[in-house]
There are 2 protein chains.
Amino acid sequence: MTPNGTSMEISQTVEDYLKAIFEESNPPTLASTTAIAERMGVTLASVTSMLKKLAAKTPALVDYRKHHGAKLTPEGTLLALKIIRRHRLLELFLHDVLAFEWDEVHEEADRLEHVISDAFVQRIAIALDDPDWDPHGHPIPSVDLEMPQENTIQLYDLKSGENGVVRWVSDRDPSLLRHLTELGIALGTRLEVRSFSSLDENHTVRLLETGEEVVLGAGITRQIGIQKLD
Amino acid sequence: MTPNGTSMEISQTVEDYLKAIFEESNPPTLASTTAIAERMGVTLASVTSMLKKLAAKTPALVDYRKHHGAKLTPEGTLLALKIIRRHRLLELFLHDVLAFEWDEVHEEADRLEHVISDAFVQRIAIALDDPDWDPHGHPIPSVDLEMPQENTIQLYDLKSGENGVVRWVSDRDPSLLRHLTELGIALGTRLEVRSFSSLDENHTVRLLETGEEVVLGAGITRQIGIQKLD
DNA sequence: TATATAATTTAGAAGGAACTAAATTATATA
DNA sequence: TATATAATTTAGTTCCTTCTAAATTATATA
């Protein structure tokens with residue numbers, strides 16, 4: 001019996017697809033074939049055939065609309081959350097216990113998440129004292145797969161004059177993470193938007209800890225999550 | 001470029017075969033198709049076809065003699081040692097850092113060994129202070145893949161009246177490990193052979209720490225490694 | 001040496017997941 | 001509405017690793 005109460009076999013590949021669909025389908029929208037293919041680094045054709053397989057399983061793991069994309073069913077969502085919990089716990093473990101840098105943990109966790117046992121997950125969760133956030137500030141689903149709530153917006157949407165604290169950073173691109181470290185931006189960093197240019201979508205931002213000003217393009221400001229300060 | 005200086009791709013399956021062949025080919029003998037198949041839990045036919053593939057690679061990873069078995073080439077041996085290093089470091093890490101029992105570590109390490117990065121290996125090696133022995137007392141190949149030397153015999157071969165210290169225990173069967181724990185036998189346990197019955201191949205052994213006497217069959221005494229005490 | 005048994009190999013097929021190329025459908029623009 | 005472009009799907013292969021069943025070779029015994 002697998003964790004979703006069925007006796008279905010879930011391959012590593014399927015786990016990766018579920019995760020990709022989860023991350024790509026912001027609730028209202030369906031995840032498009034293209035988006036999934038890009039995220040997974042496979043062909044459009046491969047995605048189509050996998051979506052058909054996932055939709056054909058009993059129970060179905062995705063709800064697939066030909067030519068329009070797919071979203072997870074409740075069963076698929078639980079499976080996805082289970083993998084995301086593993087991934088994020090692993091990231092934190094690698095970071096806190098094995099001294100990996102925050103730009104290194106994602107790739108390693110991506111491989112480990114498919115092979116560790118439930119006992120391993122449980123043990124690192126205990127060692128880390130049942131944490132809520134991973135090294136990039138993303139929420140870690142609890143044992144019963146509830147997501148800690150966050151209240152953040154993209155730095156991109158923070159208006160001129162507004163203050164905020166960095167709460168999360170996308171972990172997709174290690175070089176972005178290294179770049180932010182160099183700029184002095186980390187989780188918890190407080191900042192104020194000094195100006196925004198709609199011409200090039202650049203934000204000029206002042207880091208409150210150091211007083212330094214930096215100019216950040218949309219390619220960066222959309223990858224940073226901010227909690228607004230009054 | 002892979003660690004053996006070639007640009008060969010090594011699949012997880014191939015890694016498992018190399019490990020199995022290494023463990024099954026005590027230097028003089030070839031590993032037989034049957035032995036490999038049993039160890040891997042696959043069909044004889046599967047082994048034959050894989051041996052042919054491994055022998056056909058450039059460089060060849062095994063030296064294969066039709067109808068007689070196979071042994072690793074120097075290239076195959078290096079790859080096998082690399083995996084065995086990972087496996088044993090992982091076992092020790094799971095045991096010492098994550099509090100896994102000695103009967104649990106083998107299975108987990110078997111899955112993890114194929115996916116961890118070299119950086120991961122390096123970090124746990126450092127965290128464990130470059131150890132020589134895994135939780136079952138097996139030698140851990142060094143960074144340059146040298147095996148620490150051991151000087152042990154099977155408990156089976158310890159004669160009546162002789163003393164010894166338990167130096168290793170086979171990790172193939174978790175239930176054996178649990179059984180030994182219950183009997184009070186662990187690495188470092190000192191003991192004396194009181195008698196051996198050639199009728200049923202039972203050894204009667206006295207544990208020097210507690211004075212207790214236990215009777216152990218060949219199924220157990222062949223799985224225990226002893227360093228003789230004069 | 002003949003024969004029985006055990007071990008091994010060959011041949012052919014299957015399942016997963018990927019790919020390319022061609023065909024189709026959806027969307028945007030004139 | 002017609003057409004161009006973009007997105008998606010279909011069809012057919014390929015690669016890897018496994019399997020079963022049949023054929024062959026090696027080893028042990030009479």
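The chains referred to below are lettered A, B, ... by the order of the sequence lines, with proteins before strands, and numbering in each begins at 1. For the numbers below, each heavy atom of this structure counts, side chains included, while hydrogens, waters and symmetry mates do not.
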Shortest non-hydrogen contact between A125(B) and P131(B), atoms and distance: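 Shortest heavy-atom separation between A125(B) and P131(B) comes out as O-CD, 4.1 Å.
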Answer yes or no: is there a side-chain heavy-atom contact under 4.5 Å between [X] and [Y]?
X: L177(A); Y: E101(A); value: no
X: T48(B); Y: Y64(B); value: yes
X: H95(B); Y: D134(B); value: no
X: L98(A); Y: F93(B); value: yes

Per H67(B) side chain, nearest of listed nucleotides dA26(C), dT10(D), dT9(C):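 Selected nucleotide (nearest to the side chain): dT9(C).
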Distance check needed: [N] [atom2] versus [X] [atom1], whole Å only.
X: Y64(A); N: dT10(D); atom1: OH; atom2: C1'; result: 10 Å
X: L30(B); N: dA26(D); atom1: CG; atom2: P; result: 14 Å
X: H68(A); N: dT27(C); atom1: NE2; atom2: C1'; result: 11 Å
X: E9(A); N: dG15(C); atom1: CD; atom2: P; result: 15 Å
X: L54(B); N: dT9(C); atom1: CG; atom2: P; result: 13 Å
X: K66(A); N: dT27(C); atom1: NZ; atom2: P; result: 15 Å

In terms of side-chain geometry, is the basic nitrogen of [X] or [Y] positioned less than 4.0 Å from the acidic oxygen of its partner?
X: E24(B); Y: R39(B); answer: yes
X: R172(B); Y: E23(B); answer: no
X: K82(A); Y: D118(A); answer: yes

Can you give me the N/O atom pairs linking the protein to nucleotides 4-6 of chain C at distances under 3.5 Å, or say none if there are none?
none

Check: H179(A)/D173(A) side-chain N/O donor and acceptor closer than 3.5 Å: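 Checked: H179(A)/D173(A) side chains show no N/O donor-acceptor pair below 3.5 Å.
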Below 3.5 Å between N/O atoms, which protein atoms pair up with nucleotides 17-21 of chain C? Just atom names and distances, please.
{"residue": "dA17(C)", "atom": "OP1", "partner": "S11(A)", "partner atom": "OG", "Å": "2.5"}
{"residue": "dA18(C)", "atom": "OP2", "partner": "Y17(A)", "partner atom": "OH", "Å": "3.2"}
{"residue": "dC19(C)", "atom": "OP2", "partner": "T43(A)", "partner atom": "N", "Å": "2.9"}
{"residue": "dC19(C)", "atom": "OP2", "partner": "T43(A)", "partner atom": "OG1", "Å": "3.3"}
{"residue": "dC19(C)", "atom": "OP2", "partner": "S46(A)", "partner atom": "OG", "Å": "2.6"}

Name of the residue among E113(A), H138(A), E15(A) meeting side chain to side chain donor-acceptor pair (under 3.5 Å) with H87(A):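 Of the listed options, the one satisfying the test is E113(A).
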Reference residue Y156(A); test side chain to side chain donor-acceptor pair (under 3.5 Å); the match among E201(A), Q223(A), H203(A):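 Of E201(A), Q223(A), H203(A), side chain to side chain donor-acceptor pair (under 3.5 Å) with Y156(A) is met by E201(A) alone.
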Secondary structure of DNA chain D in dot-bracket form (Watson-Crick or G-U wobble, distances below 3.5 Å, | marking inter-strand pairs): ||||||||||||||||||||||||||||||
